[in-house]
Amino acid sequence: MRSIRAAATCAVTLSLVLAATACGGGSSTGGGSNDAPKTLTYWASNQGASVAVDKQVLQPELDKFEKQTGIKVKLEVVPWSDLLNRILTAATSGQGPDVLNIGNTWSSSLQATGALMPWDAKNFDKIGGKGRFVASALASTGAQGKDPAAVPLYSMAYALYYNKKIFADAGISQPPATWDELIADGKKIKAKGKPVLGAEGSNLSENIHHVFVFAKQHGADFFTSDGKPAFTDPKVVEAVKSYVDLMARDQVIPTGDAEYAQNQSVSDFAKGRLAMLLWQSASANLASQGMHESDYGVAPVPVRSGTPGPGTQIDSMVAGINIAVFRDTHNVDGATRFVKFMTSDDEQKILNKAYSSIPPVTSAQSDPAFNTPANSVLKNTLTTSAAALPQVPNESQFETTVGTAVKDLFADAAAGRAVTTDSVRAALQKAQQQMPAA
């Protein structure tokens with residue numbers, strides 16, 4: 001579980017990193033050396049049900065890379081609760097891995113530190129060219145007008161996963177398309193003694209992803225067009241309250257989920273203890289916990305009314321993982337070769353199948369595995385009804401401050417304290433005050 005202390009550390013660390021970069025402490029023109037040409041260190045993000053599952057997926061591929069190149073890759077799978085803080089600390093100290101995974105929403109923030117090698121045309125040419133990648137995935141690799149700070153590795157979108165048996169027992173014939181329908185279905189499900197909708201109330205990134213979508217559905221943005229925080233905009237306040245009210249007022253999210261931060265809601269769903277789950281590309285995670293794909297259905301995330309469609313309603317953020325090279329790597333050539341390996345068609349098929357994600361490499365998407373009913377929902381969402389989180393330099397602080405505000409509001413709801421428009425506005429105002437000056 002990520003604590004408020006850890007979240008605050010991230011914000012403070014990033015401020016220090018950006019200050020150092022502004023004073024000449026970082027370079028945006030590359031760097032690194034080839035002092036250790038036979039070894040690489042790799043920080044992978046926790047994509048599967050556990051760190052152990054990720055090691056089982058990744059180690060055979062790393063062994064394959066070593067056999068092909070003679071370069072040994074030392075793997076560390078870093079939990080999401082620790083990953084950003086670890087990266088920011090490495091950016092400050094200059095002591096980091098050679099290659100690392102980052103959440104695509106962090107690309108611009110980490111780009112601003114100067115800690116990552118920029119992917120200019122020359123570097124992209126070394127891995128087959130920029131044109132191999134899906135445009136929406138490339139859009140989440142750094143600030144517009146700058147060379148990307150990373151390369152797309154896995155693409156994902158949120159979907160609504162629902163337990164078919166629980167739905168049938170409650171007399172529900174189809175998944176809800178709107179939040180009002182979900183709340184109405186929740187009453188039927190609770191009448192049968194089952195919790196309704198899972199959440200990770202103490203996971204800052206999950207909180208941000210959901211309130212971002214709610215804001216879009218309310219016609220609001222957390223930042224102005226020139227990148228300034230607008231957290232107290234009345235529509236933003238309304239959107240955040242609507243999400244927290246799924247626990248506080250509508251009682252479809254169990255109060256115990258206010259403490260969840262490490263996939264506990266996924267485990268509850270996989271074990272048949274929960275009717276619905278909002279998650280990014282969850283199929284592999286569910287399978288690893290023993291849930292058969294015939295036991296659940298996959299549908300678009302609900303919207304306020306109607307059906308999601310191009311440019312009209314948003315039901316997911318553009319989710320995904322990018323792979324980056326640390327600027328101070330001691331094996332820049334090997335790191336580039338490793339990125340090329342991980343984004344090759346063969347590896348894209350292997351890895352994205354393992355994680356039930358979508359390859360951001362266009363040519364790899366032709367594999368039949370990415371045309372299943374579940375993956376079709378995800379691909380359609382990414383194409384027609386997903387929006388990218390703000391690619392602004394202080395995006396990671398946005399995740400920390402607003403994510404913590406939502407976490408605290410869930411804690412209030414779980415404790416029976418009233419969640420009001422005023423209390424939501426006050427929490428968001430506090431979050432906005434913690435953001436750095438433009």
Side-chain angles (χ1 to χ4, degrees), residues 44-49 54 79-81 83-84 101-110 133-142 148-161 198-200 203-217 222 243 261 263 265-266 277-286 298-303 308 313-324 343 348 351-361 364-365 370 374-392 395-396 398-399 402-403:
S45 51
N46 178 198
Q47 299 301 125
D54 284 311
W80 279 106
S81 56
L83 184 59
L84 180 59
N101 287 3
I102 65 172
N104 65 354
T105 65
W106 303 341
S107 295
S108 186
S109 296
L110 295 177
F133 297 90
V134 176
S136 61
L138 285 172
S140 293
T141 56
V151 176
L153 184 63
Y154 314 127
S155 288
M156 290 170 280
Y158 277 88
L160 177 72
Y161 295 79
E200 301 279 315
N203 185 305
L204 307 192
S205 293
E206 283 290 309
N207 288 342
I208 285 297
H209 298 169
H210 295 306
V211 297
F212 170 77
V213 169
F214 270 73
K216 286 294 187 182
Q217 292 185 3
F222 280 91
Y243 178 56
N263 291 353
S265 61
V266 185
L277 176 71
L278 299 174
W279 206 256
Q280 296 179 38
S281 308
S283 297
N285 199 329
L286 297 174
V298 183
V301 172
V303 293
Q313 301 202 62
I314 301 300
D315 59 352
S316 178
M317 46 81 73
V318 176
I321 306 302
N322 294 338
I323 188 168
T343 58
Q348 281 286 288
L351 295 172
N352 282 282
K353 284 179 188 177
Y355 292 130
S356 64
S357 48
I358 306 298
V361 173
Q365 292 186 358
F370 306 114
N375 280 333
S376 293
V377 170
L378 299 176
K379 286 201 298 184
N380 186 62
T381 296
L382 285 167
T383 302
T384 65
S385 57
L389 281 172
Q391 289 288 306
V392 294
E395 195 282 332
S396 62
F398 161 56
E399 290 196 25
V402 175

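What's counted below: heavy atoms across the whole structure, side chains too, no hydrogens, waters or symmetry copies.
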Taking all non-hydrogen atoms of both residues, which atom of Ser357 and which atom of Ser155 are closest, and how far apart?
CB-O, 3.3 Å
Side chains of Val402 and Asn207, heavy atoms from C-beta outward: is any pair under 4.5 Å?
no
Between Glu399 and Ser205, is any side-chain donor less than 3.5 angstrom from a side-chain acceptor?
yes
Chi angles and distances behind the side-chain contact (heavy atoms from CB on, under 4.5 Å) call for Phe398, Thr105:
CA-CA 11 Å; Phe398 161 56; Thr105 65; over 6 Å; no
Atom pair CG (Leu110) and CG (Leu84), whose distance is rounded to the nearest 0.5 Å:
6.5 Å
Which pair of non-hydrogen atoms, one from Asn375 and one from Ser356, has the smallest distance, and what is that distance?
OD1-O, 3.8 Å
Beyond-backbone contact of Tyr161 with Leu286, side-chain heavy atoms, under 4.5 angstrom
yes
So which heavy atom on Asn46 is nearest to which on Pro79, and how close?
CB-CA, 4.1 Å
Glu395 vs Phe222 side-chain heavy atoms within contact, under 4.5 Å
no
Between Trp106 and Trp80, what is the ring plane arrangement, given parallel below 30°, perpendicular above 60°, and tilted in between?
perpendicular
Output for pair (Asp315 CG, Leu160 CG), nearest 0.5 Å, gives 10.0 Å
Compare all side-chain heavy atoms of Gln313 with those of Ser385 and state whether any distance is below 4.5 angstrom.
no
Locate the shortest heavy-atom distance separating Pro360 from Ala137; write the atom from each residue and the value.
CB-CB, 3.8 Å
One should read off an interatomic distance between Gln47 CD and Leu351 CG, to the nearest 0.5 angstrom, of 10.0 Å
Pairing residues for Tyr158 by the ring-ring contact (aromatic ring centres under 6.0 Å, His included) criterion, not counting sequence neighbours
His209, His210
Residue pair Asn322 / Thr141, side-chain donor-acceptor N/O under 3.5 Å:
no
Short question: side chain of Ser107, backbone of Ser140 - any donor-acceptor pair under 3.5 Å?
yes
Quick check against the 3.5 Å criterion: does Gln348 have a side-chain atom that pairs as donor or acceptor with the backbone of Thr343?
no
Just to verify, what does Val213 make a side-chain contact (heavy atoms from CB on, under 4.5 Å) with, not counting sequence neighbours?
Gln217
Do you know which of Asn104, Asn352, Leu382, Ile321 makes side chain to side chain contact (heavy atoms under 4.5 Å, CB included) with Met156?
Ile321
Checking the side chain of Ser109 only, and the main-chain atoms of Ser396 only, is there a donor and an acceptor separated by less than 3.5 Å?
yes
Closest contact, heavy atoms only, Ala199 versus Tyr243:
CB-OH, 4.1 Å
Might you point out which heavy atoms bring Pro359 and Val134 nearest each other, and give the distance in Å?
O-CG2, 4.4 Å
Please determine whether side-chain contact (heavy atoms from CB on, under 4.5 Å) holds for the pair Tyr355 and Asp54, giving the CA-CA distance in whole Å, both sets of side-chain angles, and the decisive distance to 0.1 Å.
CA-CA 9 Å; Tyr355 292 130; Asp54 284 311; 2.6 Å; yes
Close side-chain approach of Gln280 and Glu206, heavy atoms under 4.5 Å:
yes
Ser281 vs Ile358, side-chain contact (heavy atoms from CB on, under 4.5 Å): CA-CA, chis, key distance, verdict:
CA-CA 8 Å; Ser281 308; Ile358 306 298; 5.6 Å; no
